[in-house]
There are 2 protein chains.
Amino acid sequence: MEDVARLAGVSTATVSRTLRGLPNVSEETRDRVLQAAASLSYVVSPIASRLASGRTHTVGVIVPYASRWFFGQIVAGAESVLREHSLDLLLYNIGDIPSRQRFFGALPLRRRVDAVLTVAMQFTDAEISDLRSLGVPIVAVGHNVPGAGCVRIDDVAAASAAVQHLLALGHRRIGMISTFNDQSMFLPVAHARRRAYVDTLTGAGIPIAEELVISVPHGMDGGEQAMRRLLTLADPPTAVFAESDELAFGALSALRRTGRHVSVIGFDDHELSALLDLTTVRQRVFEQGVLAAGMLRRAMTAGAWTPEELLMPTTLVLRASTWPVAVRTAGPG
Amino acid sequence: MEDVARLAGVSTATVSRTLRGLPNVSEETRDRVLQAAASLSYVVSPIASRLASGRTHTVGVIVPYASRWFFGQIVAGAESVLREHSLDLLLYNIGDIPSRQRFFGALPLRRRVDAVLTVAMQFTDAEISDLRSLGVPIVAVGHNVPGAGCVRIDDVAAASAAVQHLLALGHRRIGMISTFNDQSMFLPVAHARRRAYVDTLTGAGIPIAEELVISVPHGMDGGEQAMRRLLTLADPPTAVFAESDELAFGALSALRRTGRHVSVIGFDDHELSALLDLTTVRQRVFEQGVLAAGMLRRAMTAGAWTPEELLMPTTLVLRASTWPVAVRTAGPG
DNA sequence: TTGTATGCGTTATCAC
DNA sequence: GTGATAACGCATACAA
């Protein structure tokens, strides 16, 4: 920077001001500085800049399973807007117990981020207070954190619509595939969707059969296990509501291998769901990442930020996996 | 840090040494310092540390399409080992022209990373020299960069095996679905696999029919377009080799919607390929990310590092999508 | 509008 | 083994 200042015949302070686009620099000197910087192919050291200014220009993103489709979409969406404003994104994948303990033991985010984005996590009170101790704004996607911003869908209403659809098709024995994590804790999303399942059936006068609700680890394998267990029941369900499309894929796989037929409805509208003819509840996942990042930016720039809450719409997408059997045999399935 | 030093009755230099685990500190003072730091719940500022030490503890990862399955797996694999050594991972998604231009225009990696990982990119000579000007070790996955380390499979051999498989099934009119990016540049992987296609057919005495090789943007939609175009030919192929499973998924989708039958073989063994009964060439993607990160670490720590090259094995996985038609009708497909 | 001087929180090079 | 002290490269009150 000194070199640039010398070459432009100004002080380093002026160079700094110019390079950051501050208003109080004359046109003429601005040009001189920019030329000097260009000719020396100089760039500010972000690290030094961060130390001096106290701002990290980084947001920490906490997800439970980074490689799952849903989280990939959220992160990609957030990344697209953060990158646009040259903010860094530091990803923390803390789905399993050891990494989660390490994370909250050391809190590697301390002094490292200007904001935090959490996605579909279930935090304990202690963890929440740890997060708040960072002293930066927090935005949560898919779950609520007291004092934090929030982008989500109405999980209860959406899941209820899914179950209603099965009821409307005449199903009375309806199963559900739910998830839990390594700590046997239900993620908030799982909790809401299960509640909707219970309430909707109960509301329709159908008693809940414990054996029809299976909880498995998230992913295709979990879905396959769950459906296999349901199929071994003396009185198996005629339809199943899976908490996510990936679980539903596993369920479809089990059905295919066993040659049985059970209607299946998923949740998310994964990019492969159309190909697999899976009826599902569509939500715009990438966009939620975009909106959350936008909220984060507002929180970082605004002096006083009052947490906002954004509710995104969902749509029921009807496909062959829940067609009435009579129709299904004649369809493209 | 001063507070800790005061509380422990030592200098900040000793605190720094202790906290970094340097050898020349006595047991006794070490304990005092650690206790003091703990009681003040003190953590070193990574930013200040980086400025003073000159090391960023960060690796930059450059990918063309972060949200595609393949790249997600690579990044997840790399992240798992980098996190273990508390190294940060800065992801740059530069698949489209504008972001690519911005990236090479500003080179935001300058002064920000200790190493670079690139995944399946096709760089121009100018871009390569830009990358090298960063002055840090580079490791490439799925392509070669002169002077850089490399983790990859033998694309030519693997693709050749795929085409051989189709030939062995008796197919003589074999199509290929290939990809290009926004700049109409073929990615190195696409290039190698297409060459294998051409050479293998030629070697079998089958002339190449231009109209059977379709190039589309990567992803399911591209695969669907490609297969639709192939189906409109006067003499359509009886089998198709898709450069990736996601392209193959799109091809399967087109076949399903049109009710036609063409054998399809993909490449990767995507986690959903088994469910879709797709014959494919399996490669261990996550593991390649792990190995690349390990190589990166060696390059960062070792004083003089000579670029290594790692060749990973592939396997042909036979499924229903390439079953002979006679057998297929009797099978689970 | 521009320059001066101090601080940001460490690491590292010396001495002791 | 330990303690001063000078970098590290920039941002920013403050003064001019």
Side-chain angles (χ1 to χ4, degrees), chain A residues 1-37 40-58 86 88 107-114 134-135 300-301, chain B residues 1-34 36-37 40-58 86 88 107-114 134-135 300-301 303:
Chain A
M1 194 168 204
E2 270 184 12
D3 299 340
V4 176
R6 233 192 322 270
L7 207 159
V10 295
S11 72
T12 62
T14 303
V15 174
S16 175
R17 281 190 280 258
T18 303
L19 262 33
R20 279 182 298 153
L22 295 191
N24 42 356
V25 177
S26 77
E27 283 274 337
E28 184 209 7
T29 56
R30 173 183 307 280
D31 290 348
R32 271 216 316 283
V33 170
L34 290 179
Q35 273 192 13
L40 294 175
S41 78
Y42 165 85
V43 281
V44 250
S45 156
I47 294 179
S49 164
R50 286 165 190 198
L51 178 57
S53 70
R55 275 190 233 98
T56 65
H57 289 283
T58 304
S86 42
D88 289 343
L107 264 197
L109 253 38
R110 267 189 293 190
R111 313 226 227 166
R112 307 189 97 244
V113 295
D114 295 334
L134 295 174
M300 292 168 62
T301 52
Chain B
M1 194 168 205
E2 269 183 13
D3 298 341
V4 177
R6 231 191 324 270
L7 207 158
V10 296
S11 72
T12 62
T14 303
V15 174
S16 176
R17 278 190 282 258
T18 303
L19 263 32
R20 280 181 296 154
L22 295 191
N24 41 357
V25 179
S26 77
E27 282 275 336
E28 184 209 7
T29 57
R30 172 182 308 279
D31 290 349
R32 271 215 317 282
V33 170
L34 290 178
L40 295 175
S41 77
Y42 162 86
V43 281
V44 280
S45 156
I47 293 180
S49 166
R50 287 165 189 197
L51 177 57
S53 71
R55 274 189 235 101
T56 65
H57 289 284
T58 304
S86 42
D88 289 344
L107 264 198
L109 252 39
R110 266 189 293 190
R111 313 228 228 165
R112 308 189 93 238
V113 295
D114 295 334
L134 295 174
M300 292 167 62
T301 52

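Residue numbers begin at 1 in each chain, while the letters A, B, ... track the order of the sequences. Just so it is clear, the values below take in all heavy atoms, side chains as well, and ignore hydrogens, waters and symmetry mates.
For the pair B/Leu40 CG and C/dG9 P, the interatomic distance rounds to 15 Å; values are reported in whole Å. If you measure from atom CZ of B/Arg6 to atom P of C/dG9, you get 13 Å, rounded to the nearest angstrom.
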Inset, instruction - Start with the C-alpha gap between A/Arg112 and A/Thr58, add the side-chain angles, then the distance that decides, and say whether side-chain contact (heavy atoms from CB on, under 4.5 Å) holds. - result: CA-CA 7 Å; A/Arg112 307 189 97 244; A/Thr58 304; over 6 Å; no
Inset, instruction - Walk me through it: do A/Leu40 and A/Leu7 pass the test side-chain contact (heavy atoms from CB on, under 4.5 Å)? - result: CA-CA 9 Å; A/Leu40 294 175; A/Leu7 207 159; 3.9 Å; yes
Inset, instruction - Report the C-alpha distance between B/His57 and B/Ser86 in whole Å, list the side-chain angles of each, state the deciding distance to 0.1 Å, and finish with yes or no for side-chain contact (heavy atoms from CB on, under 4.5 Å). - result: CA-CA 8 Å; B/His57 289 284; B/Ser86 42; over 6 Å; no
Legend entry - Stepwise side-chain contact (heavy atoms from CB on, under 4.5 Å) check, A/Leu34 with A/Leu19: CA-CA 7 Å; A/Leu34 290 179; A/Leu19 262 33; 4.0 Å; yes
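Among all heavy-atom pairs drawn from B/Ala5 and B/Ser11, the shortest one is CB-C, 3.8 Å. B/Ala48 and A/Leu51 get closest at one heavy-atom pair: CB-CD1, 3.8 Å. Closest non-hydrogen pair, B/Tyr42 versus A/Arg111, comes out as CE1-NH2, 3.4 Å. Residues A/Gly21 and A/Arg30 come closest through the heavy atom pair CA-NH1, 4.3 Å. Closest heavy-atom contact between B/Val10 and B/Arg32: CG1-NH2, 3.6 Å.
Side-chain N or O atoms of B/Arg50 include none that pairs as donor or acceptor with a backbone N or O of A/Ile47 at under 3.5 Å.
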Inset, instruction - List the protein contact pattern of nucleotides 10-16 of chain C with one symbol per nucleotide (5' to 3'): B for base contact, S for sugar-phosphate-only contact, - for none; contact means a heavy-atom distance under 4.0 Å. - result: BSB----
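Fit an axis to the five pairs at each end of the helix from C/dT1-D/dA16 to C/dC16-D/dG1 and the two axes sit 30° apart, to the nearest 10 degrees.
Along DNA chain D, the stretch of nucleotides lying under 4.0 Å from any heavy atom of chain A spans, 5' to 3', D/dG9 to D/dT12.
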